[in-house]
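Report on one structure; see the data block that follows.
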Amino acid sequence: MQPHIKVDHVSKSFGKKEVLKDVSLTVKGSEIFGLLGPSGAGKTTLVKMMAGIESPSTGRITVLGTVMPDLNTMGRIGFMAQSDALYGELSAYENLDFFASVYGLPKKKRQERIEKVLELVNLTEDRKKIVNQFSGGMKRRLSLAAVLLHEPDILILDEPTVGIDPVLRQAVWEELHQWSQRGTTIVVTTHVMDEAEKCDSLGMLRDGRLIAMGAPDQLKEASSSATLEEAFLYYGGARQ
Amino acid sequence: MRVRAIVIRIIRQFFRDKRTLALMIVAPMFILLLLHLVFNGEDYIPVIGVGDVPEQIEDQLADTGAKTDRMTEPEAYTAMDHQEIDAFITMNGMTPSVILEGSDPTANRAVMQALQQAFENMKPSERSVRPDVTYLYGAEDLSLFDNFGPVLIGFFIFFFVFIISGVSFLRERTGGTLERLLATPLRRWEIVTGYVLGFGIFTTFQASIISWFAIKVLGIMMAGSFGYVLLITFLLAMTALTLGTLLSAFANNELQMMQFIPLVVIPQIFFSGLFNLDTMAEWLRSISVIMPLTYGADALREVMIRGKGWSFIDHDIYILLAFSLFFMILNVYALKKHRRL
């Protein structure tokens, strides 16, 4: 099966600062791919390029067979940034209605999908509430709902569980597994080791380089470490 | 379709943020009202120096409510230099001759009104004797507010639309929603067009209310067609809107957006005809060519003061349209900084 996302010798510089150095990786269809690394490692830049917002300085990224950025392919991706990109003055429903229209969903389909995703993130009760009055966790859930509106084939989530409580975090991960079972390809960034364990496949990023790639167990085994944290240190050290 | 989504969203946001909506409409009206009060104070009582004129004229002048004061011509000049009297009336043979101090339009008008009334009240046989009027300083002109008004209407609309549109586009960027939009298949021109249309609805509304207020409530001079005034103010608002969103790309926060006011907005007041540019160096005067307010103010004056029609404002209209389009295109390019496509 053709990989859903292919990152091919990608480097990215902002001015003189090189954020990513010759990164190559592949994400298979309907797997959960985790990008693990400390903050500043280049995770966000890499996922933004996958989503088509940024362009690589050198190398190329192919998503579903087309070279990014490509507007049509972007319509099949759901990208959730680290910050909750919501309109605070509008209600939850109005926010979703806006994003659904941006993806060009027809009115009937739009209403149907909004109800569906609201239910999914457990916000049906609060649909009329103004987003400014939402708690942090509710905003995160609403952001997640907004990403799911157009039923994307690929979900790219940048630190989706930052700042939410353990119960909700658990729920989000269960949700992610269900979606991947239904065939959605998911890319998730994280700097939390126990979340990384839950991914089907991992890429470890450090200082803009990909230091290791593989299934969590595989990575632990190959580095003969008991935890992912040790494995990360092993690969990070081996590079130097 | 997708443009419509942005338009609807902006409308909804506006109605949630009623304070901003109020700022856009009430603040310009409030400032115009203050200026109206300052420049158009009512019941100014003129002080008129009276020279060698028949007693009858002096009485008539006093009857109009003006204060009169007998003095000789040299005394009168001194008094006028010290702004103790507004005018001096004397006889030049058989014709009364009036000298106005002239530096204050309010005083000029009051004196002229008093004179007119005084002579109207006289016997028909004497009425034929018209006084000849000369100005010591200044010249016969409109009231200050009539003169400044059209420029001020244009300026305030420009100013507030610039700030509000600039800040709201900036928020879109700093709040992460712009990035969110750019992760969707929305095209850059769709975002810009959506903004222009969404805000356009509010600026049309704003321009109509402010123009109506200045003309009907404050009674600013209005010789031409109201429709033209609306067209001009609307286009001026569109220029401010597109320029505001464009410049917001070069600001990192609200405070930096405010820093554009002294750089971009204030200089336009000085060059748009509020002050006479004739005394300025030629090269300095030519700066006004790149300022949208120059054209808006010129067109508003043509319509409101001189009562002119389309053939006198068409070039201003086209230039304002060109400014808006130009800024819109630059906007589409500025968004390239955030996404290549």
In Å and rounded to the nearest 0.5 Å, what is the [atom1] to [atom2] distance from [X] to [Y]?
{"X": "A:Tyr87", "Y": "B:Arg9", "atom1": "OH", "atom2": "CZ", "value": "3.5 Å"}
{"X": "B:Ile8", "Y": "A:Leu90", "atom1": "CD1", "atom2": "CG", "value": "11.5 Å"}
{"X": "B:Arg4", "Y": "A:Ser101", "atom1": "CZ", "atom2": "OG", "value": "7.5 Å"}
{"X": "B:Thr177", "Y": "A:Asp84", "atom1": "OG1", "atom2": "CG", "value": "11.5 Å"}
{"X": "B:Leu181", "Y": "A:Phe98", "atom1": "CG", "atom2": "CZ", "value": "4.5 Å"}

Item to complete: Could you look at B:Leu178 and say if it's the side chain, the backbone, both or neither that has a heavy atom under 4.5 Å from chain A?
Response: neither

Could you check if a side-chain atom of [X] sits within less than 4.5 angstrom of a side-chain atom of [Y], using non-hydrogen atoms only?
{"X": "B:Arg16", "Y": "A:Glu94", "answer": "yes"}
{"X": "B:Leu186", "Y": "A:Tyr103", "answer": "no"}
{"X": "B:Thr184", "Y": "A:Phe79", "answer": "no"}

Indicate the atoms forming the closest heavy-atom contact of [X] with [Y], along with that distance.
{"X": "A:Met74", "Y": "B:Leu182", "result": "CE-O, 3.0 Å"}
{"X": "B:Gly175", "Y": "A:Ser83", "result": "O-OG, 4.1 Å"}
{"X": "A:Leu71", "Y": "B:Arg187", "result": "CD1-NH1, 3.3 Å"}

Fill in: Residues B:Lys18, A:Glu89: salt bridge by 4.0 Å N-O rule
no

Item to complete: For B:Phe226, look at atom CZ and say whether over 12 heavy atoms of other residues, nucleotides or ligands are found less than 6.0 Å away.
Response: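 Yes, because the 6.0 Å sphere around CZ of B:Phe226 holds more than 12 heavy atoms from other groups.
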
Worksheet item: Is the number of heavy atoms from other residues, nucleotides or ligands within 6.0 Å of CD (A:Gln133) greater than 12?
Response: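 More than 12 heavy atoms, drawn from other residues, nucleotides or ligands, come within 6.0 Å of this atom.
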
Discussion item. For the interface with chain A, which of B:Glu172, B:Arg339, B:Arg180, B:Glu190 has the highest count of heavy-atom pairs at distances below 4.5 Å?
Written reply: B:Arg180

Worksheet entry | Residue, of B:Gly176, B:Pro185, B:Gly194, that accumulates the most heavy atom pairs under 4.5 Å with chain A | B:Pro185

Side chain from CB out, backbone as N, CA, C, O: work out which of these in [X] comes under 4.5 Å of a heavy atom of chain B, or both, or neither.
{"X": "A:Ile130", "result": "side chain"}
{"X": "A:Ala146", "result": "both"}
{"X": "A:Asn72", "result": "neither"}

